[in-house]
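Quick note on labels: first sequence line is chain A, next is B, and so on, each numbered from 1.
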Amino acid sequence: MASEKNIKSKTKNVKYDPKSIELKWQSKWQQEAIYQPQLDSANSILASKDVSTEAKKSGKPYYNLMMFPYPSAEGLHVGSIYTFGGIDVYGRFQRMLGHEVFEPIGLDGYGIHSENHAIKTNTHPIDHAKRTEENFYRQLHAIGNSFAWDNKVETYNPDYYRWTQWIFVQLFKSGLAYRKSSAVNFCPSCMTVLSDEQVIDGQCERCNSVVEKKELEQWFFKITNYAERLLQNIETLDWTDKVRIAQRNWIGKKEGINITYPVEGMDETVTVFTTRPDTNYGATFIALAPEHKLALKITSKEQREVVKAYIEKSLHKSEIDRVAEGKEKTGAFTGAYAVNPLTGYKMPIWISDFVLGGFGTGALVGVPAHDKRDFQFAQKFGLDIIRVVKGTDGDQSAVTTIEQVQEEAGEMINSGFLNGMNIHDATHKMMNYIEDHKYGRREVSYHLRDWLISRQRYWGPPIPMIYCEDCATNGKSWFTTAEGHERLKIKDLGLKNPEKDLKSSILNLKSDMAGWYPEENLPVKLPYVKDFKPMGTGKSPLANYPEFYETNCPGCGKPARRETDVSDTFLDSAWYFLRYLATDLEHIPFPMPEERAKEFAGATKEEIDQAIKRQSFLPVTMYIGGAEHSVLHLLYARFVTMALHDMGYVPFEEPFSRFYAHGLIIKDGAKMSKSKGNIINPDDYIGKYGADTLRTYLLFLGPFNQGGDFRDTGVEGMNRFIKRVWTFFQNSQFSILNSQLSSESLKMMHEAIKGVTEDLEGLRFNTAIAKLMTWYNFLSKQERVSREELETYLQLFAPFAPHMTEELWESLGNPFSIHKSTWPSFDEKHLVKDTLTIAVQVNGKLRGTLAVAASDKDNRAMIEEKARAHTDVAKFLQTEPKKVIYVPGKILNFVV
RNA sequence: GCGGGCGUGGUGAAAUGGUAGACACGCAAGUUUUAGGAACUUGUGCCCAAAAGGUGUGGAGGUUCGAGUCCUCUCGCCCGCACCA
């Protein structure tokens, strides 16, 4: 007795000291490599969708991935801790369910963001990267995630970008990378070209400068070849709906028809794209985009000056000007007319900047009565307005106000053979008519454009291409080699017309085009140059260094020139999930089938073997990241994966089976940013409260897909709770009961297990934590607790507070580690609900149902008795029920 | 304009169509310590002095024995895309 008291008082003094506990376990986990999965020998019930308990317990590979962070000098963002905390909880849960969980981490260090910071702080990006890398990995260690630290990836590491360049070459060889001159988005502040996706409201995504249009020679990836498959596959993905919809909209499929009209008095035709050919009897003008090829060609002498001036003016307008000018239409008449074969109507051809050069054919046919923009245009320039659809209110009068413009529904009038039909039937009939008469062809148009991949910057992987003037003038390139010819025969590349598409890549090889690549000598290393600042001339800083760009042609051996642009960061992040599984393979980029793995020069037998085996972890089982990457990163990663699939390198088309978009952590109602001064430094909180508290607090804040507002008082509340749990476990070790649990305790335990398990499966971390708190409140009021309850409690809590629970698990004398223990299961028989639903029958007919209170102590007879006595039942029936029938499945069925 | 989502206490938020507000923050009272903080107990949607009771999920209808939840309309807010033919 005395000795027990003694120990008790001693133990009571063990204060919760997160710092020492967390350091202790982090280094022990590292030493024992408990989070390093068996990549080569994991059970490979290959990526089956079997989620039965059997499969779960069998060591099935589970690729648990988070979007890797781009390291900034400020260090890890508290938002990243939120994401990483969330996915780590999920990963630890899956591990305890018996999966072989692979949870890697790395840094997306290339790109404008890091480069700009290096410029600002006057450090070289390479040195800057080393510094931030160290800081990031230190912070990432401190949050206690179950990372597979042996499989790190940094995009700026030559071992990595060697393969990024290799992917570029593969796309080139398949005709999916090409070079062309085009008007591209140019940010005058970042001094680089931007992709369409990086332009937001006419402004640069990063610095908000107004984006200009510039005519430059650029590399593109033919993502548009995959538009249809990228769209179709969305149906098969287990992704957040919001993201699926965003992707669908971005691809923007439109089914319509291209109609070709002859230009009067000229040997020219103009082709327009429309989804509404049904209204073609009402067509009164044609409008071309300012950049349209025919714009000047068809313009009459008299109109030449006006049109020229208009085109010049509109092409110099920035996107933002076009938006700022609102809906006020502008335009210039070319003096030419196109003839509508349906009516013989002479449609004047105008140039207007409300027509987009990049959409459809860059030309439209104007039907002012049934399109608001066409109406505004016609009204401004006094063009005819012909009604061909009745208003939904039956209005058949001339259209003179914009409110009368009927766009969506109605009955056809003034339209010859279409009269009386609804617009949808009329559309089909007209399309058939046009095709039969050879006026046009059905056409599918997409909003998606080709991926502009070159960047005139320093901090990225050099594009591994070589220009040889000699070869180019002689019509030679890689495509004229035997291997190139072989590629032409590949039919399955997502190309609409492989022969034609590939040939056009070759035919486009002019003297300034790259026809060769240095495949055997990858990587093309990014040199350490002194002056790495962007020049703003449309050329990369590397163009100042002959020692970099001077080389010899792999084809003819004569002097040649390297490409000096680097590739877009999004290419780095489009395939990193593949590399994580092969960081130790020197000669093979990622897991792949044997016949492909064998092709790599220098690949050892062992490497090939590993490349084959590790396919069992692909595709990514669970991917978590920000919704802000809905279109950019996720679409690019899908495209690259699909292209690699078509080349036979990966057996799947889609990289991420399941994607979950988490919310954002904000501070005082605003996004955290340096300029607002509301940045949260996680180090401060980890130092003060420990990682366990910070993780649990962030996840308790609100639903995981919604994020939440960071508040100090909330962190303290969570810290109080964790300390309470700690103290409770310290003290309760002397009141452990090994005998049977009370039925109340059993019920609480099983409800907690069931609730937490379901919540974790659905990533509802906040409610899972609430359940743990409820159960704690119950346990702490018990005089005695059982060992089973304590252990189960720790197991449920383990994913959230991995260090503290590990420590307490050990103090209970359990084997290392709690994170390798088996997730507790619940027993349905303890889960009797408090309320039962009872069906009320009168003379054998269902009259309704009522809720009756019951507890787990109640047996069948008692429940029946309770139901009979229930006041609501009596009230409802206006008499007491005579007979109560028990129906399995927790429903009571009783009769009067 | 198109697409998606949301609306519940002072706050963050819970609720397979079945006792609305779990859990936490905050607040209040008390206990203890006392310099302060911390810890512990109790209370806390609103109305009423309290109890009894009433009322209550933006608003109006509807389906249902029963609606925060499903349907229709309406108001308000947020996010994404946008002169896309």
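The residue Gln247(A) sits apart from the nucleic acid: no heavy atom pair falls under 4.0 Å.
For Lys253(A), the NZ atom sits in a packed shell: over 12 heavy atoms of surrounding residues, nucleotides or ligands are nearer than 6.0 Å.
A salt bridge links Asp278(A) with Arg276(A); the closest basic N to acidic carboxylate O contact falls under 4.0 Å. A salt bridge is absent between Lys254(A) and Glu443(A); no separation between the charged side-chain nitrogens and carboxylate oxygens falls under 4.0 Å. Taking a cutoff of 4.0 Å between a charged side-chain nitrogen and a carboxylate oxygen, Glu435(A) and Arg442(A) qualify as a salt bridge.
Take the nearest nucleotide of RNA chain B for Asn766(A) and for Thr275(A): the residue whose nucleotide is more 5' is Asn766(A). Both Ile245(A) and Glu716(A) lie close to RNA chain B; mapped to their nearest nucleotides by heavy-atom distance, the more 5′-ward contact belongs to Ile245(A).
With a glycosidic angle no further than 90° from 0, G9(B) counts as syn.
Residues Tyr16(A) and Gln730(A) have side chains that never bring a donor and an acceptor to within less than 3.5 angstrom of each other. If you check the side chains of Thr260(A) and Thr269(A), you find no donor sitting under 3.5 Å from an acceptor.
Qualifying side chain to side chain contact (heavy atoms under 4.5 Å, CB included) partners for Asp371(A), counting only residues two or more places apart in sequence or in other chains: Arg373(A), Asp374(A), Glu407(A).
Shown for residues 772-779 of chain A: residues whose heavy atoms fall under 4.0 angstrom of RNA chain B, namely Met773(A), Thr774(A), Asn777(A).
For Tyr82(A) and Phe704(A), the ring centers are positioned less than 6.0 Å apart.
With hydrogens and angles left out, the side chain of Lys372(A) and the base of C83(B) share no donor-acceptor pair within 3.5 Å.
Where pairing requires Watson-Crick or G-U contacts shorter than 3.5 Å, the helical stems of RNA chain B with at least three consecutive pairs are B:1-7 with B:75-81, B:10-12 with B:23-25, B:26-31 with B:39-44, B:45-47 with B:53-55, B:58-62 with B:70-74.
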